[in-house]
Chemist: 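Sharing a structure with you now.
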Amino acid sequence: MQSLAAIADPTRRRIVELLAERSRTSGELAQEFDMSAPAISQHLNVLRSAGFISTRAHGQSRIQSLNPDGFDELDAWLHR
């Protein structure tokens, strides 16, 4: 199950928690961690591929938002 693998990493779980509070730019997310922006970008790509987040352009910035529908597969698995 791709969704479980995506949130298995503690950094990605923390990103999901931060985005549950509000949408953020990639730069804002990177400031929350002691790692490089490219490393955060890789984590965002995994979360995006799993459907947990969506990205939209706003000028030069990329806004990351939680995609609640992305949790449907995980929710169904937990409730079976």
Side-chain angles (χ1 to χ4, degrees):
M1 172 178 283
Q2 183 181 3
S3 56
L4 281 178
I7 59 170
D9 183 276
T11 299
R12 291 193 288 268
R13 286 194 306 271
R14 180 66 182 136
I15 290 171
V16 167
E17 290 170 352
L18 290 167
L19 294 177
E21 294 171 1
R22 65 177 174 85
S23 297
R24 299 168 192 259
T25 65
S26 300
E28 287 175 315
L29 289 168
Q31 291 175 353
E32 296 288 330
F33 299 93
D34 188 26
M35 60 180 65
S36 67
I40 292 297
S41 181
Q42 289 178 349
H43 285 296
L44 292 172
N45 286 335
V46 170
L47 291 169
R48 192 176 307 106
S49 293
F52 289 129
I53 65 170
S54 60
T55 304
R56 73 180 190 282
H58 183 74
Q60 295 281 331
S61 299
R62 298 294 173 262
I63 309 298
Q64 312 299 324
S65 300
L66 201 60
N67 176 19
D69 294 338
F71 292 87
D72 289 347
E73 178 187 18
L74 185 58
D75 188 52
W77 181 77
L78 289 170
H79 286 97
R80 64 177 183 169

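This chain uses plain numbering: 1 for the first residue, then up along the sequence. These figures come from a predicted structure and were not determined experimentally.
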Chemist: Are Ile40 and Leu47 linked, directly or through intermediate hydrophobic residues, by side-chain heavy-atom contacts shorter than 4.5 Å (ILVMFWY only)?
Modeler: yes
Chemist: Can you tell me which residue pairs pass the ring pair (Phe, Tyr, Trp, His ring centres under 6.0 Å) test with a partner in residues 13-54, sequence neighbours excluded?
Modeler: Phe52-Phe71
Chemist: Check side chain to side chain donor-acceptor pair (under 3.5 Å) between His58 and all other residues, then give those that pass, not counting sequence neighbours.
Modeler: none
Chemist: For the atom pair CG (Leu66) and OG (Ser54), what is the distance rounded to the nearest 0.5 Å?
Modeler: 8.5 Å
Chemist: Suppose we screen for side chain to side chain contact (heavy atoms under 4.5 Å, CB included). Which residues come up paired with Asp69, at least two apart in sequence or across chains?
Modeler: Asn67, Asp72
Chemist: Rounded to the nearest 0.5 Å, how far does CD1 of Ile7 lie from CD1 of Ile15?
Modeler: 12.5 Å
Chemist: The criterion is side chain to side chain donor-acceptor pair (under 3.5 Å); which residues satisfy it with Ser65, sequence neighbours excluded?
Modeler: Ser23, Arg56
Chemist: Minimum heavy-atom separation for Ser3 and Leu74, please, with both atom names.
Modeler: OG-CB, 4.0 Å
Chemist: The criterion is side chain to side chain contact (heavy atoms under 4.5 Å, CB included); which residues satisfy it with Asp75, sequence neighbours excluded?
Modeler: His79
Chemist: Who pairs with Glu32 by side chain to side chain donor-acceptor pair (under 3.5 Å), at least two apart in sequence or on another chain?
Modeler: none
Chemist: Of all residues at least two apart in sequence or in a different chain, which pass the side chain to side chain contact (heavy atoms under 4.5 Å, CB included) check with Arg22?
Modeler: Arg24, Glu28
Chemist: Determine whether Leu44 and Leu29 satisfy the following criterion, side chain to side chain contact (heavy atoms under 4.5 Å, CB included), listing intermediate values before the conclusion.
Modeler: CA-CA 10 Å; Leu44 292 172; Leu29 289 168; 3.8 Å; yes
Chemist: Tell me, which pairs form a salt bridge (charged side-chain N to carboxylate O under 4.0 Å, His left out) where one or both residues lie in residues 4-20, sequence neighbours left out?
Modeler: Arg14-Glu17
Chemist: With rounding to the nearest 0.5 Å, note down the distance linking OG1 in Thr25 to CD in Gln64.
Modeler: 8.0 Å
Chemist: With Ser49, which residues qualify under side chain to side chain contact (heavy atoms under 4.5 Å, CB included), at least two apart?
Modeler: Gln2
